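Residue numbers begin at 1 in each chain, while the letters A, B, ... track the order of the sequences. Given the structure is predicted, the values throughout are model-derived calculations rather than measurements.
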Amino acid sequence: MSAKKKQAELIEEISGVNPLKCMKCGKCSASCPSYNEMDIKPHQFVSYVINEDVESLVNSASLWKCLSCFACVERCPRDVKPGKLIDAARQMVVRQKEQTYLSPDEIPELLDPELPQQLLVSAFRRYRR
Amino acid sequence: MQELINRAKELLNDGTVARVLGWKAGDLPYNPEPAFFESAESLKDFVYNGFCGANLSKYMIEASKLEGKTLVCLKPCDTYSFNQLIKEHRVDREKAYIIGVGCKGKLDIEKIRNQGVKGIESIEGAEIGDGADELKIQTIYGEKTVAYADAMLERCHVCKGKEHKIYDEEIFESKETKDGERFDEVSRIEKMSPAEKFAFFQKELSKCIRCNACRNVCPACSCRKCVFDSNKFDSSQKANVDSFEEKMFHIIRAFHVAGRCTDCGECSRVCPQGIPLHLFNRKFIKDIDELYGEYQAGDDTDSKAPLTNYTFEDAEPSIVGKRG
Amino acid sequence: MKYSYYPGCTLRTKAKDLDDYARASAKALGFELEEIEDWQCCGGVYPLGTDEIATKLSCVRALNAAKEKEQELVTVCSACHHVMKRVNDDMKNVEDICTRANNYMELDEPYKGETNVLHFLEVLRDKVGFDELKKKVVNPLTGKKIGAYYGCLLLRPGKVLNFDNPENPKIMEDFIRAIGAEPVIYPYRNECCGGYISLKEKEMAENMCDKITESAEGFGADMLITACPLCMYNLNKSSRREIPVVYFTEILAEALGVKEVQA
Amino acid sequence: MQRIGVFVCHCGSNIAATVDVAKVAEMALMEPGVVHAEDYQYMCSEAGQAKIADAIHEKKLSGIVVCSCSPRMHEATFRKAAERAGLNPYMVEIANIREHCSWIHKDMEEATKKAVILMRAAVAKVNLNTPLQPGESRVTKRALIIGGGIAGIQTALDIADAGYEVDIVEKTPSIGGRMSQLDKTFPTLDCSACILTPKMVEASAHEKINIYTYSEVENVSGFVGDFTVDIRKKARSVDMDKCTGCGVCQEKCPSKKAPSEFNRGLNNRSAIYTPFAQAIPNVPVIDREACIKFKTGKCGICSKVCQAGAIDYEQKDEIITEKYGAIVVATGFDTINLEKYDEYAYSQSKDVITSLELERVMNAAGPTHGHLERLSDGKAPKEMVFIQCVGSRCADDRGKPYCSKICCMYTAKHAMLIRDKYPDVNVTVFYIDVRTPGKNFDEFYRRAVEQYGVNYIKGQVGKVIPQPNGKLLVQGSDLLDNRQILKEADMVVLATAIEPNPDVRKIATMLTASIDTNNFLTEAHAKLRPVESPTAGIFLSGVCQGPKDIPETVAQAGAAAVKAIGLLAKDKLLTNPCTAHSDELLCNGCSTCENVCPYGAITYEDKEVNDHGIREVRRLAVVNSALCQGCGACTVACPSGAMDLQGFSNRQIIAEVDAICR
Amino acid sequence: MSIENKNFRPKIVAFCCNWCSYAGADLAGSSRLSYPADVKVIRVPCSCRVNPMFILRAFEKGADGVIMCGCHPGDCHYSTGNYYARRRMTLLFSMLDYIGVENGRTRVEWVSAAEGVKFSDTMNSFVEKIYSLGENVRLGDLRCRS
């Protein structure tokens, strides 16, 4: 099996999503609050997995713009859940060492006294291993 | 036990029931047998103790044809059989007054004997009122003690629970006896190689003497006339013992009760050769649970049985080879 | 009535109000929140990969602690509630996760999702009852027009959280009515505030929060209530509007007349 | 012992080139029961058939085996030949030595060996064959149509025109169905009422058609050709014979707050009402839940104003029992409940409506008298947004997995009509796919785009956001331009998925007609028998079988009528004798067989039996051979072996198995 | 073992439903798609007519393999027959596997009336499998008297 195919299968496994169920209706993209910030749009996620181009997905800005707000997950009529795919892609990044979106040095300047723990914890979960 | 007898007398006397179906003391301390009691006086022979393993549900088929109600004592596991018989229209609920009797696990005399206890004169600790921790056995060689759990029937170690699925009233506390997993033995066999499996069953089944005890006791084997006794499936006269049904007896029987067997364990209990016949039934139950969703025959009286049901997405038969 | 209580880390620090008012209100309403011993942080987000086990264990511990006490588990923080319910759902329905988690846990009896997880609002709705709550209100917030802000974590995924209709929830509105105020229904009440994104992408969060507050004000809300410390932070910090945002427990305590007592 | 004749066909060289036919015949003579064997060039020819007849007479044969081509080819031929010669046709069996032997094997010895075995199996089976007689059952020459929409009306008219009596049972106070609620119809844009009303009148005036409105089917028993049906005529509280349909009662009725079903609840009606002006019959009913007289005992105004004296507060439900030979189900559809699609704000805003509601808004007799206006404030809209596939093509339990089929076309129709009548209104359609298979359908849709300038955007809508200013912000995708759209609209129309009428489940149960997971009635064969239910004598008309538009519905209604007529035209039905049969002495009465029978052919009766001297009443399975199709599912389900299949009995099949494995 | 036995010719019984698989077998014939003569077809109205007893009977009488063919799920002439057959055969095959009978000796294939090629391919592969398994020695007598 090619490395690309393996990656695509891995992402399906981590996310539990079957991209073939997608009927390309675009309801995910219509629901996404971060749509305008994304380079690869939610409805396109499945195509990248089907075409075994996980690399582009992993390197996309979208990875760090998704809020995991589940609007797309809730509304998807085909039970595809693009939000889970992007979560899985993010996992693939943070599971690789040194591949983090947030470095310890930049944290102090981001902090503000009122910032709740919850924010840091959840950001860490998403950004870092 | 007296509590139960008193209640039975009451119900007989006030005319609620015409007879009582229970167990009567046998000639030995460990062999009570199912019996009908028609009068209050006859109840003096009534017993209910750890050796009353017999499932009385099946007797209700005949009792349903009699005038008046029959008081029947059912242990929690027996009630599944009764429900299943209701589902199959074999017993009449209206003809039964069900006393759900508590159960602390039923005893297997073979297990006691296998612990070297011989020459039994009396057994203490098997009464329903006892703690069910230990049996004190008077033998001609003196007193022996056996842990209650070590003398229990296999089925009680994988007990389905203390709940009576159907009853008019309940008497006696039950005790949780489950300390094993129901399908462990089946899983163990499944893991064997084909040759080992075959050797295992060949060894067990070669003991069979075709006495029909399993069939006669089985509440699911309630056919008016068993296929093995009719000529519906055989073109030739079946004089010789090597007939087809003869050879395939146990597998055909297991298939016939598949989806209907409540796993009451009576077949194994009564087998004079000690063949673990429940291993066939349990295999079907395990497959049904795994392939078609959990199903307990006798849990209710109206659900669709797995073999009279289907879904579009059911597994293909080839799954058998794929599961390994 | 006694419930196991999982406060979560934010409630220990920045969102102390949320916690204190909840406890005080519970007392006033006649139920007790018994804090679980040695709880650990839930992680703030539900573990993103379906194959992750270790990150779910802190929740399983808390859930099992409640099970051992034969109590239901109550959370107040939206995020803890979200993570807890989803992990519990996994333990109940995903055999693989359940087995693997139990392998780590080495419990006497494996945990299989037996505990019922409740958000504080669900306790008010399903256990106390809003009618009952109404009777206990001493300072009705009459005349106040309050917008409920749900955010994402309380509602979605709807099938797992089973909290309320994720597209048109009403539990907080019913709550607002119960304490004598008037709920303001506005369409952005279940849209995301930006969540953790405000750490690095301030502007994104600002845009989102502005939409929410603008919509709420447009429909006439004087104030917003929330159950989530992160939403609270974002709405206060990122929105360029001035509408006050408070925890729902605070106005609950106020209505029940226990706000000052505890503070 | 049978006297069996074996006939081995050469089929020219088709068989004889690979199989030693003479040898097969020779071997046959060694089989038990075989008294005659011969081979011949073409057994199916007239001369070949004559040989069979001759042998039957000369050798007094009681059974025949023909070793030839597939039974699917000539079994019927040989059975007829045997019957002509006085032998019961079911005493003939075929050994397929062509398709299953000579054509697939090359080695003569091997093929001959196999042919012999196949012959033996057939002989073994015939040895156990018994003569079978097809049963006969009578046909009541009357059809029942359940549902009085366009499907039911059309089926009724077609059957009645063929000269048979037809009853229509309609649940609501008037026939007409969904079509009567529509404003215009695609792709011709003619007015729905203009084409439907004449059909309604024709049906009501037809001397062979009897219409029961405000009535429901209560119970069905019997079987094909001979159904007995109880129909509940609900109390109308108005005497149908006396009422003149003047309408004064409705005008004067003081209770006018009941939501109008016909207008989808968009406005109200009086408690005594006819659903719409052209209702047939034009006789109102009193909605007893809304009527002041029924609620409080006071009022009685309608009775006072009725000059015909037709109001009857004492009227009771009436049960009519009637016999039918055929039943046609035409129960139609409804739109799904939208409560699980709150992201579209249907329950939050009056200006979000379903397409069916829009039909009423556009209709001159509707709540806005045909003016396109917002239901919240009566203002004329400037921007309209249509959302497609709301609840259709949905994989989870919120909606339906199927395509509702009609939405693409009616949305194009709506868009076109609005743009035509209100050129200043902009119309945007969010779609996933535009599906327009059908004559002149795609042209129609293209006209909406090209001629009427309807703005089609490929992409679904995520959320409809009501704004403080009363407008609706539609947040959707434009997948082709790859952007997210925020569009401010005045009205939003949802192309809501359709589903079978919820009552159909109850009706299907009564009819023992099978139903699929979506509650659509199942057809006997998806391709070849699309208007028949697997249950004999039950036919399907319209959307109850699957989504379809009006022309398809009318076509299917006609097809269902033809099938029903084909049945009613017969005086007697011959039933397939290869049916299941239960041995009374072995039957346990356990209902297992009943549970697997797809035709409802098995019922249970308490019967007295004499079991070796024991007389008792037992619960026994009884197979209705008119319903049984002979699949054999019951025979395997039966634990005691009481149930067996004639023509394919357990012993016959086992005899074949034995012969093959010998 | 009989695997080495060069003269071994297996006995194989194929139950085919009248509406799909029997017609598929006919099509294989009229398309001249060969498969070994060891296969003998028994026609039944529907796969749901196949009683597990028939299969056991075949094995008892010396069959080396038994295959059942029916309409594809969803295409049953009687709507639901093959669904019941599918469950019955799955459980039966599992039981046979459980008692040590080689799983390869039993098979179910769904063959439509149009699938002559599939019918012939199926029979070829099934026969090949039976050859590899050799003579059936285990299922003659389930009571296993040796």
Side-chain angles (χ1 to χ4, degrees), chain B residues 186 189-190 192-208 210 227 232-234 242-252 254-256 258-259 279-280 283-284 286-288 290-292 306-324, chain E residues 47-48 50-62 66-70 72-76 79-110 122 129 133 137-146:
Chain B
V186 174
I189 297 169
E190 283 172 346
M192 294 180 181
S193 72
E196 286 169 336
K197 288 174 180 169
F198 189 72
F200 174 83
F201 283 107
Q202 184 168 44
K203 180 167 157 283
E204 291 295 344
L205 291 179
S206 61
K207 294 188 236 163
C208 175
R210 275 296 269 121
V227 281
K232 284 280 167 183
F233 284 85
D234 212 338
D242 272 346
S243 75
F244 159 62
E245 287 91 343
E246 197 73 3
K247 292 173 181 170
M248 301 288 180
F249 178 76
H250 291 293
I251 194 166
I252 293 173
F255 196 89
H256 271 192
L279 290 177
F280 286 112
K283 167 64 177 166
F284 277 132
K286 181 168 180 278
D287 279 345
I288 286 167
E290 284 172 4
L291 295 168
Y292 311 125
L307 276 172
T308 62
N309 206 353
Y310 62 86
T311 69
F312 301 134
E313 297 81 20
D314 278 346
E316 292 295 328
S318 57
I319 193 171
V320 175
K322 288 176 193 148
R323 287 194 297 194
Chain E
S47 52
C48 70
V50 178
N51 195 312
M53 304 254 284
F54 302 160
I55 292 170
L56 297 174
R57 174 74 168 212
F59 282 125
E60 187 243 350
K61 291 290 174 193
V66 178
I67 182 165
M68 187 189 89
C69 301
H72 285 269
D75 290 345
C76 176
S79 319
T80 53
N82 50 6
Y83 291 124
Y84 296 120
R86 183 162 64 178
R87 284 201 170 186
R88 290 167 184 162
M89 293 306 138
T90 306
L91 290 181
L92 176 72
F93 293 178
S94 178
M95 177 55 76
L96 292 176
D97 178 65
Y98 180 68
I99 60 169
V101 174
E102 306 89 339
N103 177 247
R105 294 195 189 278
T106 51
R107 190 183 290 185
V108 166
E109 282 294 342
W110 311 120
T122 299
K129 177 78 192 173
L133 290 170
V137 288
R138 288 195 180 142
L139 209 51
D141 186 348
L142 263 189
R143 226 174 6 157
C144 312
R145 283 261 164 80
S146 35

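At least one side-chain heavy atom of L91(E) sits less than 4.5 Å from a side-chain heavy atom of L307(B). Contact of the L96(E) side chain with the V320(B) side chain is not registered, since no non-hydrogen atoms from C-beta on lie closer than 4.5 Å.
Exactly one of K197(B), E190(B), K283(B) qualifies for a side-chain contact (heavy atoms from CB on, under 4.5 Å) with D97(E). That residue is K197(B).
Of the atoms belonging to E313(B), it is backbone heavy atoms, and not side-chain ones, that fall under 4.5 Å from chain E. Contacts of F255(B) with chain E are made by side-chain atoms alone, with heavy-atom separations under 4.5 Å and no backbone atom involved. Residue S193(B): no heavy atom, backbone or side chain, is found under 4.5 Å from chain E. Residue F200(B) does not touch chain E at all, counting heavy-atom pairs closer than 4.5 Å. The part of L291(B) that comes within reach of chain E is its side chain, from C-beta onward, which places non-hydrogen atoms under 4.5 angstrom from that chain. For A199(B), no part sits under 4.5 Å from any heavy atom of chain E, backbone or side chain. The contact between E316(B) and chain E is made by backbone and side chain atoms together, counting heavy-atom distances below 4.5 Å.
Comparing A254(B), P306(B), A258(B) by how many heavy-atom pairs each has under 4.5 Å with chain E, the most go to P306(B).
The environment of NZ in K286(B) is crowded: more than 12 heavy-atom neighbours from other residues, nucleotides or ligands sit within 6.0 Å.
For the atom pair CD1 of I288(B) and OG1 of T90(E), the computed distance is 11.0 Å after rounding to the nearest 0.5 Å. Distance check, rounded to the nearest 0.5 Å: OH of Y83(E) to CG of N309(B) gives 12.5 Å. The distance from atom CG of L92(E) to atom CZ of F284(B), rounded to the nearest 0.5 Å, is 6.5 Å.
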inquiry  = Let's go through R87(E) and Y292(B) carefully: what are the C-alpha distance in whole Å and the side-chain angles of both, what is the deciding distance for side chain to side chain contact (heavy atoms under 4.5 Å, CB included) to 0.1 Å, and is it a yes or a no?
reply    = CA-CA 9 Å; R87(E) 284 201 170 186; Y292(B) 311 125; 3.3 Å; yes
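For the pair R86(E) and Y310(B), the NZ or CZ position fails the cation-pi test of under 6.0 Å to the six-membered ring centre and within 45 degrees of the ring normal.
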